[in-house]
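Notes for the one structure printed next.
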Amino acid sequence: MAILAFTLMAQAQMAYDSLRESLWHAFLTPPDSIRVGCYYYWVNEQVDPKGVKADLRWMKDNGITLAFLATDIRNRTRWDNPWEGQTFGKNKFQSRLWWKNLRTALKTAGELGIEMGLFNCPGWSQSGGPWVKPEEAMRNWTTKGIEICKTKEGTDVMCSPCSPEAQGLEVDKLSKAHVQKHFEAFIGEILRRIPPKDRPTLTTVVVDSWERGKQNYTDSIFSKFRQRYGYELDYTNPGCKKDLDRLIADLVASEYMGGLTEKAHQYGLRTWCEPYAHSPFPANSITYGSAADEVAAEFWVGDHKFRQKEVDAAIGAARRSGKNRVWAESFTDGWPELAKDDWSFEKLKPIADRYFHAGINASILHVMISQPGDDSKPAVRPWFGTYFDRRSRHSRELKPLVTYLRRCNFMLQLGRRADDAYDQRILSNGTTIRFTDDSRFEVTFPDGRQELWDPMQGILKTGEQK
């Protein structure tokens, strides 16, 4: 009997050792599927092939294996005079150099094993371009008739902020046909011009936060309203407003985000979106985000308030649609006094930790700016972002930060969430993981043994069986 008991104890110890070692090694070196990414911006057309290759090698050397490329971002110094002080390069939208740079980026990423995404339009918000005709654009019913949506300044709503050649009307978000035509004009054209062998790691179509205001009209709005509610839409009747708002919210989710996702899937791609707004939002964040394949929140460095709205939107959409990952556009900043090249690991880590506790478990750095291939030229420095690129003064701290984020992402994506505790996970074998208040992982194995793992330092304390 004693021999049998000893044998069972030995077998249990071996099982524990195997379970523990497997998880421990994966924690130290997470699998390739755990990717820390970055927003990768081409700013003011100052892009060249040598610089693109150097950008991507810099990412790979520092552990970044996912990049979301926005091809035509325009810098600005002031909102009221956005063209003042601007210097543009030769990378004009869809010029020969633009296509060369894009092919170089996608091909080099494939060679390096960096997964790529493309913003679904020039600029970062929202979905538009020179190909969008007035009758395909966001429009509003007014007492004067149907008009293209306007900004507060009175100009037409266009994709922004982007270079002059790339700017165009925002597409009608209530019409799948117009939305998918827009997709074909930009993403579809890229897929046709650049063969699969030169874009082997292109996987994602990116939709940033909503910054384009509202619309209340589309070609079929009257028939859709009648079909849903059984009475005629009358814009002059205040009694219609609640039903109209609900219809528009549903159409933005199904026709716009659903339409983009449907078209992306036809090409073997997925959609990634931020289901919240920085301007009046005509949609419901939960249904809107549920129509995308991946969802993300956002958090800032200079803004000390917790961004509850963004987190709730992303987590709510993820829970409704069964998504395990909740991304965050991480360490955003803006305006000349806030755009940062004075960051450090110690400064950014507690900000990330706060959002890990809130339910974020996948990280996209904001921002990586493409730099000239000739390092003697001045660095490209926009009004936004924390500068993680190869010209950053704190470039040596990027790899430790990425290592930390990857390990946290790995542990917080394992198994399933424990009830309503967003920073606790339960594995199928009964192991539980808790991200502690002091930023360590408390790992409790099925037999009750407990260990405390630090994402940067390793095991700090090993406890005996409880």
Side-chain angles (χ1 to χ4, degrees), residues 37-47 51 55 58-59 64 67-89 91 117-126 151 158-164 166-167 206-212 272-274 276-279 296-305 307 309-310 327-344 347-348 351-352 355 363-372 378-395 398 401:
C38 67
Y39 272 18
Y40 177 38
Y41 284 173
W42 292 357
V43 175
N44 277 21
E45 302 168 347
Q46 298 181 43
V47 186
D55 295 337
W58 164 253
M59 295 178 202
I64 293 174
F68 289 166
L69 172 59
T71 58
D72 296 272
I73 300 296
R74 170 172 52 85
N75 196 12
R76 57 157 50 101
T77 52
R78 296 167 54 193
W79 282 100
D80 58 349
N81 191 356
W83 302 105
E84 181 182 357
Q86 298 299 300
T87 300
F88 290 89
N91 190 56
L118 291 172
F119 278 66
N120 86 104
C121 75
W124 69 59
S125 184
Q126 182 75 42
T151 65
M158 297 185 178
C159 56
S160 182
C162 60
S163 56
Q167 195 167 50
V206 179
V207 183
D208 202 87
S209 56
W210 184 285
E211 303 175 20
R212 301 295 90 193
W272 186 100
C273 89
E274 296 178 339
Y276 54 86
H278 292 299
S279 69
E298 179 180 15
F299 59 83
W300 291 53
V301 175
D303 185 353
H304 298 292
K305 69 179 181 180
R307 291 192 163 251
K309 178 183 71 172
E310 286 92 335
W327 297 82
E329 178 186 349
S330 305
F331 313 117
T332 307
D333 247 317
W335 303 117
E337 68 274 15
L338 294 178
K340 294 293 191 298
D341 199 12
D342 63 349
W343 61 275
S344 66
K347 179 180 180 180
L348 299 186
I351 303 173
Y355 285 86
S363 304
I364 294 282
L365 301 180
H366 185 282
V367 61
M368 194 77 65
I369 303 297
S370 184
Q371 298 299 328
V380 179
R381 285 290 170 253
W383 61 269
F384 50 80
T386 299
Y387 302 148
F388 294 110
D389 57 69
R390 54 192 170 84
R391 300 288 291 275
S392 170
R393 291 189 291 115
H394 295 273
S395 58
L398 179 57
L401 176 64

Hey, does the side chain of [X] reach the backbone of [Y] with a donor-acceptor pair shorter than 3.5 angstrom?
| X | Y | value |
| --- | --- | --- |
| Y387 | S395 | no |
| D72 | S163 | no |
| E211 | Q126 | no |
| R391 | Q371 | no |
| Q46 | T87 | yes |
| D208 | S125 | no |
| Y39 | A70 | no |
| E310 | A297 | no |
| S160 | M158 | no |

Would you call [X] and [Y] a side-chain contact if the rule is heavy atoms closer than 4.5 Å?
| X | Y | value |
| --- | --- | --- |
| L398 | W58 | yes |
| R381 | D389 | yes |
| Y41 | H366 | yes |
| F119 | I73 | no |
| P164 | F88 | yes |
| S370 | V380 | no |

Report summary line: Rounded to the nearest 0.5 Å, the CE atom of M59 sits from the SG atom of C38 at a distance of 4.0 Å
Report summary line: Rounded to the nearest 0.5 angstrom, the CG-CD1 distance for L365 and I64 is 5.0 Å
Report task. Tell me, with the steps shown, if R74 and N44 meet side chain to side chain contact (heavy atoms under 4.5 Å, CB included). Result -> CA-CA 5 Å; R74 170 172 52 85; N44 277 21; 4.0 Å; yes
Closest heavy-atom pair and its distance - [X], [Y]:
| X | Y | result |
| --- | --- | --- |
| C159 | C121 | CB-SG, 4.0 Å |
| K347 | D342 | NZ-OD1, 4.0 Å |
| T332 | E329 | OG1-OE2, 3.5 Å |
| R212 | S279 | N-OG, 3.3 Å |
| R307 | F299 | CD-CA, 4.2 Å |
| N75 | V43 | CB-CG1, 4.0 Å |

Query raised in the report: Taking the six-membered ring for Trp, are H394 and W343 parallel (under 30°), tilted (30 to 60°) or perpendicular (over 60°)?
Result: tilted
Requested in this report: Determine the interplanar angle of the W327 and F68 rings, folded into 0 to 90°, and report it as parallel if under 30°, tilted if 30 to 60°, perpendicular if over 60°.
Outcome: tilted
Query - Passing candidate, side chain to side chain contact (heavy atoms under 4.5 Å, CB included) with L69, options L118, D55, V206 - result: L118
Query - Test ring-ring contact (aromatic ring centres under 6.0 Å, His included) applied to F384 and W124, F331, W300, the passing residue - result: W124
